[in-house]
Protein chains: 2
Amino acid sequence: MYGTARSEWRTTPRRAAVLEALHACDGFVSAQSLHTALVTDGVAVGLSTVYRTLRLLEAAGHVDVVRDSDGDGERFYRPRPDDGHRHYLVCRECGLSLAVESEEVERWVARIARDIGFHSVDHTVELTGMCDGCRPGPVDRRPHPAGRARVV
Amino acid sequence: MYGTARSEWRTTPRRAAVLEALHACDGFVSAQSLHTALVTDGVAVGLSTVYRTLRLLEAAGHVDVVRDSDGDGERFYRPRPDDGHRHYLVCRECGLSLAVESEEVERWVARIARDIGFHSVDHTVELTGMCDGCRPGPVDRRPHPAGRARVV
DNA sequence: CAGTATACGACAATGATTTTCATGTGCGGT
DNA sequence: ACCGCACATGAAAATCATTGTCGTATACTG
């Protein structure tokens, strides 16, 4: 199930449950809401374990992460597609998130790293905007009821 | 001094001091260390004011911001060059940060936004790696004494 | 120079994430 | 199967940058 890398950590029921719950979500979820979802679903799992598991998944490259644009740096997780990591365009109002094609950026990163001579260069790219349904009209704008959860 | 935009906020001694202190720093600084530097320098200024001023500067586009790569999402500020915003390649070990040429990415962002039809698309791009002086040798690696502060 | 909207600072509050530590459990070796 | 131990777990406390509160001070308008 964890496939790509050597097994550096144990496979336990909780971790499997966290991973499964993550896959069951549309789009990005926070650790907190993932925990809530699990508990609601009848899975007895501690908040710490959810956080720890998400960290493991992140370190292993199995999830993509975006951070809340405003202050507190809350993190949202999403299972990473098998064919490599992605970058996302997220609506500031309703949380709709779309994976975007980013080969151009990947090449740019590689070139910068090579030119400057840094090793092990990682990159973070986040795009935020307003989707079609959340028009920028200065009047009549209402917060989208769906919250920041959906993905396409 | 604030030049580019209409004066939407008062020019006060504290704000001038914060901006000056920011320019006096090499590379990125956190709000906390900027405050410490100010106080050490004999400038009586509250922490809240430093935070508020940095927020104003950020909103006005006068500073660039990067966020700590690990958990807490701490923010680091740097005066933005006059000719527009920049993206940075930051060394994970010593904090050395270099502004990189990013026109390719700017164009990519514009194209994505246009193709997908989002409005007011903002982007965040952060590159982290290991600079020349912080070799990846598995043994003998020592944390750089300079901390995460320098820039070129 | 007065009036008022804004800025200021000390301190409390926030809130996601991490740590602690006592207890439970996967898994390799026998 | 059984042991042993390193690792996993969770409840609660700790962390800590950042933001809110609110009474006071000060910049700016007329």
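These numbers come from a predicted model, not from an experiment. A, B, ... follow the sequence lines: proteins, then strands. Residue 1 opens every chain.
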Do [X] and [Y] make a side-chain contact, defined as non-hydrogen atoms from C-beta onward lying under 4.5 Å apart?
X        : Y       : answer
A/Val18  : A/His35 : no
B/Glu106 : B/His87 : yes
A/Ile116 : B/Leu98 : yes

* Within the distance-only criterion (no hydrogens, no angle test), does the side chain of B/Ser30 pair as donor or acceptor with the backbone N or O of B/Ser33 below 3.5 angstrom? -> yes
[X] with [Y]: basic N within carboxylate O range, under 4.0 Å:
X        : Y        : result
A/Arg75  : A/Glu58  : yes
A/Asp64  : A/Arg78  : no
B/Glu104 : A/Arg111 : yes
A/Asp83  : A/Arg86  : yes

* Asked: Can you find a side chain N or O atom of A/Arg75 that sits less than 4.0 Å from OP1 or OP2 on C/dA16?
  -> no
* **Contact under 4.0 Å: B/Arg15 side-chain N or O vs C/dC8 OP1/OP2** => yes
Rounded interatomic separation in angstrom, taking [atom1] from [X] and [atom2] from [N]:
X       : N      : atom1 : atom2 : result
B/Leu56 : C/dA7  : CG    : C1'   : 10 Å
A/Arg55 : D/dT9  : CZ    : C1'   : 17 Å
B/Leu19 : C/dA7  : CG    : P     : 16 Å
A/Trp9  : D/dT9  : CH2   : C1'   : 15 Å
B/Asp68 : D/dA17 : CG    : P     : 10 Å
B/His35 : D/dA17 : NE2   : P     : 13 Å
A/Leu38 : D/dG10 : CG    : P     : 10 Å
B/Glu74 : D/dT18 : CD    : C1'   : 10 Å

* Rounded to 10°, tell me the angle between the two end axes of the helix from C/dC1-D/dG30 to C/dT30-D/dA1, each built from five pairs. => 40°
* To do: Using a 4.0 Å cut-off on protein heavy atoms (strictly under), produce a 5'-to-3' string for nucleotides 24-30 of chain D with B for base contact, S for backbone-only sugar-phosphate contact, and - for none.
  => --BBS--
* Residue of the set B/Val90, B/Asp26, B/Leu89 for which side-chain contact (heavy atoms from CB on, under 4.5 Å) holds with B/Ser97 ->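 Filter result, single survivor: B/Val90.
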* Pair B/His62 + B/His23: ring centers closer than 6.0 Å -> no
* Any chance the side chains of B/Thr128 and B/Arg92 put a donor and an acceptor closer than 3.5 Å? ->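 Yes, side-chain donor-acceptor contact under 3.5 Å.
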* To do: Specify the residues of residues 39-52 of chain A, ordered by number, for which at least one heavy atom lies under 4.0 angstrom from an atom of DNA chain C.
  => A/Ser48, A/Tyr51, A/Arg52
